[in-house]
Structures are given as C-alpha cells and as structure tokens.
Novice: 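Got a structure for you, questions after.
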Amino acid sequence: MSEPATTPEPRALNFIEDIIEADRVTEKHQGRVLTRFPPEPNGYLHIGHAKSICLNFGLGIRYGGATNLRFDDTNPTKEEQEYVDSIKADVEWLGFAWKAEFYASDYFQTLYDFAEHLIQIGKAYVCDLSEEQIREYRGNFFKPGQDSPYRNRDAAENLDLFRRMRAGEFPDGARVLRAKIDMQSGNMNLRDPLMYRIRRAHHHRTGDAWLIYPLYDYAHGVSDAIEGITHSICTLEFEDHRPLYDWFLAQDTEEKFFQRPLPRQIEFARLNLTYTVMSKRRLLLLVQEGHVQGWDDPRMSTISALRRRGFTPASLRNFAERVGVAKRDSLTDVALLEHAIREDLEKTAPRRMAVLRPLKVVITNMAEGETHWLELANHPDPVFGTRKVALTRELWIEAEDFMDVPAKKWFRLAPGAEVRLKGACLIRCEDVIKDTNGQVIELRCAWDPASLGGDAPDGRKVKGTLHWVSAAHAVEGEVRLYDRLFTAEDPMDVAEGGDWRDTLNPHSLDVLAEAKLEAGLAEAQPGERFQFERLGYFCTDQDTKPGAPVFNRTVALKDSWARAEGLGK
RNA sequence: UGGGGAGUGGUCUAAUGGUAGGACAACAGAUUCUGAUUCUGUCAGGUGAGGGUUCAAAUCCUUCCUCCCCAACCA
C-alpha cells in the first residue's frame, strides 16, 4: 500500500455523513460503522470507482469503523481472477486497507439456505416460464404484469424443484427461482424478480460446485446483512432497487439469518468527468477497438492508467474529497482533477530539465571542450538538495522558446534578445542560422561569463528564463504527451445518429522520440515523478529501458503565455 | 398511460426558516532565475418557473417545467 489515507480535513458534512451521525445519536448501531466496497470482478476500476472507494473507506476511517472489500461474484460467465487481483492492487494503491476480504460466493450456501426459507414461507417459487415468456408476463412501464402460471405452486413442490435445480436435473435456463412479490407493482423490480438461474459455468472461486447462481438483487443485500454492514452505499440507479433490498431482508422472519439492525442502502450520484467516458463497457470498447493501447493506456480513466500516467494516490483522494457527495447528476470539470495533481506534485516532484523539441544553440564565445559544472536546486524548497549539471558550448533549448519575429510581450529568445539559461548564465542571440527552406536550425549566441551562476554584475535584468540541456551531456529519451481522449465535454451527448466515438480526439497522443534530457534522467526508475522545468509533471513509464528512458506527461504546468497567445492578446 | 430520483454562479458543493458561503475555472495586480508556485484583489448565482404561508423562504405549502434512472436469467 502507498501512503495510507488519513482522517480528512474538517468540512461540511455530506448527506451520507448526516445520516450516519443521526444514527449515532439514536445509537442505531451502537456507534458501529461498517461499509463495504463491492466491485464485480469483471473489469478494471476507473476513477468513478475511486470516488466510491474514497467514500466508503473514508466513512470507515472518519467514524472509527471499517470497510470490507467484497467481490460481487455472482455471474461466473463474466468474472475472472485477473480482475480480482487488479482491483485489490488499485484499492491498496489508493491507500486503503480493508477489514476483511469477502466474496459473495463465500455466502452461496447461506444464500441457498435463505432461499429455501423463502420458499417455505411462501415467498419464493420455481417458475418454468422461458426467458421470453417471463419478459412478456412482466409487462412494461405502462402495462401491469400478469402472474406466472407457476406462481402458486405449493412449498413442497417448490422445494423439490429448487433442490433438483441445484442437483443439476434441469438444463440451463429451464427454470428459475423467483421472489413472490407483486406483478402489478409500478416498480418493475418488484414484479416477482428472479433470485436464481441455472448456469453450468465454471466459477473463478467455487469451481463447479454450483449449477445455480443467485442474482444481484437477492445476493447483494443478503451479503451486506451477513457481514453486518451498517450503511450500504451505492449509486443512484439502484434507488428503485431499495424496496427489493429491504424486502429480501425482511423475510428473515425469525431473525435466524442476519444480525440486527439490518443494513440500510443509501444512494449517491456517480462521478462523471468532462472529456472522458466512465463505464466499464465503453472503456472495454476503447481497448478492443484499438483507440487506446490497453486498460492502462495513460489516456484512459482507469485507476491503472492514472497511476501509469503519474497521478498520486493522495491527489486522487483529494480530488474525491473536493467533488463531494450528493444525489444530483453532475459532470465534474476535469480541471479539478488536474488541479489536484498539480497541487501535490508542485510540493513533491524534484525538478529536472528536459528539452522536448530541441533547437541547437552554439555559444560562440565559449571554447570547445570548456565545461562549467553548475549546482542546480532540485526544488524551490532547499530540502530537496542540489545536483550537478554541465554547461558547454553547444546546447539544446526548446524550439518554441525562440521567435524569429517576436510577438508582443515576448520575453524569451529572439534575434538580439538576451535571456537567462536557468541556473547558468545570460546569453544573447547574435545570429540565426536557417536551412534552404528558411527553417531555423541553429542559434549563435554569446554568453556573459560574468553572469555564471547568477546575475550580471552591472545589474541588468532579463525577463525570460529558459530550460536547456548541454548537447555533449544530454541523453535522448522518449516523451509521451497526452491530451484529452475526447474533444467533447460530454462524449455521450451526441447528436441524433451520432456515436460517442465520433468525438475521439485524434491528437490525444503525441510521441516525441528525440527529446534531450539532462544526463541524470538516464537512471530514472519506472514510476518516478519529476517536474520538467517550465513544461509540466512527468512520470517515468514502465517501457523505460536502461539508457532509453520513456516519460509520460502527467499534466502540463499552467501556461498563462500560451493562454494569452491563444486568446490573441 | 407507470414507478423512482434531482434542480443553488461556467463546474462541483454548502446553507437544515434568519446577511446565499467554499473550492475549481475565469479576470486583474504583486512577487518570482519556472510566463510555474505563492500572495492580493475582482468576477459572477437571489437558488428551474409561478403562486402561497411568514416579520423573514434556497429551506415550508402548492401548481407547473426540465433533466436523470427503471421493462438483462448483468451488476
């Protein structure tokens, strides 16, 4: 686990905390708070899950309680151990420790026993209708359902049939177990919902022990109740499942199956972020259709992608804290996420110099072979120490730091202009070398030796400071710049006949294969984070090889010059 | 023609009958060997609309409008 999450800063309580505090006043749970994070292991977690993780574990921490990690593995055809492993890694990386690791499949026997109990008290029955017939009998929003012809089988027959379902006497799909509630209900979830289906599938944990598997609505609440969860937090779309959640638990008429008080389901609005999509299904399509290179492609909104991109657990936790928790649908500006990571990395990332698009500078009044070793600060905060960087006659600077015909208020390099090389000296541009196409290929500059390591003795000031790398010492590396994956704020909000993939940003990845990096960066380890001076925050990618470093840009620095320029000011 | 939710500056979120506050974004200035950071200031909502109750309404009542979710043997 990375840095563990701690009790958050004081702030106004959200509505879930209000509920918990009210429960504490009435001593409903004797002060106990136990939440759970219940992922289905059928895909990778994304930043929306991160919000839910921070919420659930955060409540446990805040109220001196705990949180269980429970895999909702009731559908063996979709679930895999690979996902279990990645989910655990993600939760740990975010800085949270679960009290216990459970699986819905741990409760298959109890779930089965409770189902028999429901049959015995006349609240569940085996239905022989086909899948299609069940749908027809269910009606729709405007048409009430009609009772299944099998609805009034007696308990003994139901029990016999259910046991034979379990024993494998019927083919897949032949029969289901249904709760007997109300086929007329306006809430479709209450029209005799399915509890069990027959499915001969290999389960990632129970193997071939079971031929029948419970469905979510039945398994989830029961699992919560078995564990003694106090507050069961989920997203808004489960709001009209709540009556069903409560109904199942209320069937423990003799209070033999669950401890009291029963858990309470509370729903909050899921996270949406501008310029991205947030569903496992669409994320999977992005991977399958090759729009990105994998689940952890740094452009993705998965936790593994954000990690690879260079986000820190603390920044994600702070982000989750700031977006808040409420019940209204919202679309959070990705700028808030970017703020959270800049805020963290500004304080923690060592500074380095890297030139992404190199332009050669020759210091004409410096001898060949002349080398000045400079002591550069690793960070504005002196506790980060210093490092040695070489200054020589031939340098690389950022191509965009030179303008042949300078714009208004331009205070970087231009013909005749003087600028500071960060941590080194002042140089003045004396000559501009161009190729036959008129492209600037080299700058001839003169340095002021008296300014070495500081200011010019005559006190003259320069406005511009550039980052630079000694050509003789630079290592070459690959730098991957990422932009938003979609060009639309809400990719789902497409015009009639359009598709969310229409708004994919064709320029979301820009690979700079010949960046010039200061020598020390050759030893950067995967996962190490830096600020490249004046450019942004970067994280060493796992593709890094000895002598061939690869960096991902986590986020650019704020750039008021680029902004002003873009606005034509 | 059903059921369940939600509407507060551009975005997210607070206020629990008593001055509509915070964060992000934006804008301006100061500082700065990162056009970063930091600091200061500004901007901007009368709370979806109408009606009502009240000394007082985002909060209570009422009518209406808009948006989201639900008709998988998915979760």
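First the proteins, then the strands, lettered A, B, ... as listed; each starts at 1.
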Novice: If the cut-off is 4.0 Å, is T74(A) near the phosphate of rA75(B), judged by side-chain N/O to OP1 or OP2?
Specialist: yes
Novice: Students often mix this up, so state it plainly: with edges at 30° and 60°, are the rings of F248(A) and Y218(A) parallel, tilted or perpendicular?
Specialist: perpendicular
Novice: Taking the minimum atom-to-atom distance to the side chain of K422(A), which one of rC33(B), rA75(B), rU1(B) wins?
Specialist: rC33(B)
Novice: Out of rA75(B), rA71(B), rA26(B), which nucleotide sits closest to the side chain of R138(A)?
Specialist: rA71(B)
Novice: Could you give all pairs that pass the salt bridge (charged side-chain N to carboxylate O under 4.0 Å, His left out) test and reach residues 349-358 of chain A, with sequence neighbours left out?
Specialist: E346(A)-R351(A), R357(A)-D510(A)
Novice: State whether H467(A) places a side-chain N or O below 4.0 Å from either non-bridging phosphate oxygen (OP1 or OP2) of rU34(B).
Specialist: no
Novice: What integer distance in Å separates M188(A):CE from rU1(B):C1'?
Specialist: 14 Å
Novice: Calculate the interatomic distance between L391(A) atom CG and rC33(B) atom C1'; express it in whole Å.
Specialist: 14 Å
Novice: Base, sugar-phosphate, or nothing: which does T235(A) touch, judged by heavy atoms less than 4.0 Å apart?
Specialist: nothing
Novice: Scan residues 174-187 of chain A against RNA chain B and write down, sorted by residue number, each residue with any heavy atom closer than 4.0 Å; if none is found, say none.
Specialist: V176(A), G186(A), N187(A)
Novice: What residues, two or more places apart in sequence or in another chain, satisfy side chain to side chain donor-acceptor pair (under 3.5 Å) together with R242(A)?
Specialist: E267(A)
Novice: So W210(A) and Y112(A), would you call those rings parallel, tilted or perpendicular, with 30° and 60° as cut-offs?
Specialist: tilted
Novice: For R197(A), which residues count as a side chain to side chain donor-acceptor pair (under 3.5 Å) partner, sequence neighbours excluded?
Specialist: none
Novice: Within the 4.0 Å heavy-atom criterion, would you say G454(A) contacts the bases, only the backbone, or no part of the nucleic acid?
Specialist: base
Novice: Using the ring-ring contact (aromatic ring centres under 6.0 Å, His included) criterion, which residues pair with Y103(A)? Sequence neighbours excluded.
Specialist: F71(A)
Novice: When we call it a touch if two heavy atoms are under 4.0 Å apart, what does L129(A) touch: a base, just sugar-phosphate, or nothing?
Specialist: base
Novice: Residues two or more places apart in sequence or in another chain: which of them pass ring-ring contact (aromatic ring centres under 6.0 Å, His included) with F532(A)?
Specialist: F538(A), F551(A)
Novice: How is E40(A) classified with respect to the nucleic acid when contacts are heavy atoms under 4.0 Å: base, sugar-phosphate, or nothing?
Specialist: sugar-phosphate
Novice: Any salt bridge between D106(A) and R70(A), counting N to O under 4.0 Å?
Specialist: no
Novice: Base, sugar-phosphate, or nothing: which does N140(A) touch, judged by heavy atoms less than 4.0 Å apart?
Specialist: base
Novice: When all nucleic acid strands are considered with a 4.0 Å heavy-atom cut-off, which category describes L466(A): base, sugar-phosphate, or nothing?
Specialist: nothing
Novice: Do any of residues 193-205 of chain A sit with a heavy atom less than 4.0 Å from RNA chain B, and if so which?
Specialist: L194(A), R197(A), R199(A)
Novice: Round to a whole Å and report the spacing from CG of L376(A) to P of rU34(B).
Specialist: 12 Å
Novice: So that I can tick it off, tell me whether E17(A) and R11(A) are bridged by a salt bridge, with the cut-off set at under 4.0 angstrom between side-chain N and carboxylate O.
Specialist: yes
Novice: Nearest 0.5 Å, please: how far is OG1 in T74(A) from CG in L111(A)?
Specialist: 9.0 Å
Novice: Take the protein atom OH of Y216(A) and the nucleotide atom C1' of rC70(B), then report the distance between them rounded to whole Å.
Specialist: 14 Å
Novice: Please give, in whole Å, the distance from rC69(B) C1' to Q265(A) CD?
Specialist: 13 Å
Novice: What are the atom names and distances for every N/O pair under 3.5 Å that joins the protein to nucleotides 13-20 of chain B?
Specialist:
from, atom 1, to, atom 2, distance (Å)
rU16(B), O4, D18(A), OD2, 2.7

Novice: With the criterion set at under 5.5 Å between ring centres and under 30 degrees between planes, would rC70(B) be stacked on F141(A)?
Specialist: yes
Novice: Write out the stems for RNA chain B, ordered by first number and formatted as range with range, counting runs of at least 3 consecutive Watson-Crick or G-U wobble pairs under 3.5 Å.
Specialist: B:2-7 with B:65-70, B:10-13 with B:21-24, B:26-30 with B:38-42, B:48-52 with B:60-64
Novice: Can K88(A) and E101(A) be counted as an ion pair, charged N to O under 4.0 angstrom?
Specialist: yes
Novice: For N187(A), which residues count as a side chain to side chain donor-acceptor pair (under 3.5 Å) partner, sequence neighbours excluded?
Specialist: none
Novice: Any salt bridge between D344(A) and R529(A), counting N to O under 4.0 Å?
Specialist: no
Novice: Between T235(A) and E237(A), is there a side-chain donor-acceptor contact under 3.5 Å, judged purely by atom types and distance?
Specialist: yes
Novice: To the side chain of R420(A), which of rC70(B), rC33(B), rA25(B) is closest?
Specialist: rC33(B)
Novice: Within this structure, what is the CG-to-P distance between L236(A) and rC70(B), rounded to whole angstrom?
Specialist: 11 Å
Novice: Could you tell me whether K78(A) and E40(A) have a side-chain N and a carboxylate O separated by less than 4.0 Å?
Specialist: no
Novice: Could R199(A) and Y213(A) be counted as a cation-pi pair, given that NZ or CZ must be under 6.0 Å from the ring centre and within 45° of the axis?
Specialist: no
Novice: Each nucleotide N or O in nucleotides 35-41 of chain B that has a protein N or O under 3.5 Å away: list the pair and distance.
Specialist:
from, atom 1, to, atom 2, distance (Å)
rG35(B), OP1, R534(A), NH1, 2.8
rG35(B), O3', S560(A), OG, 3.2
rG35(B), O2', S560(A), N, 3.4
rG35(B), O2', S560(A), OG, 3.3
rG35(B), O2', W561(A), N, 3.4
rG35(B), N7, R412(A), NH1, 2.4
rG35(B), O6, F411(A), N, 3.2
rG35(B), N1, K409(A), O, 3.0
rA36(B), OP1, S560(A), OG, 3.1
rU37(B), O2', E346(A), OE2, 2.9

Novice: What contact category does E239(A) fall into here, base, sugar-phosphate, or nothing, at under 4.0 angstrom with non-hydrogen atoms?
Specialist: sugar-phosphate
Novice: For R151(A), give me all partners under side chain to side chain donor-acceptor pair (under 3.5 Å), at least two apart in sequence or on another chain.
Specialist: D192(A)
Novice: Can you tell me how far C1' of rA25(B) sits from CG of L336(A), to the nearest Å?
Specialist: 10 Å
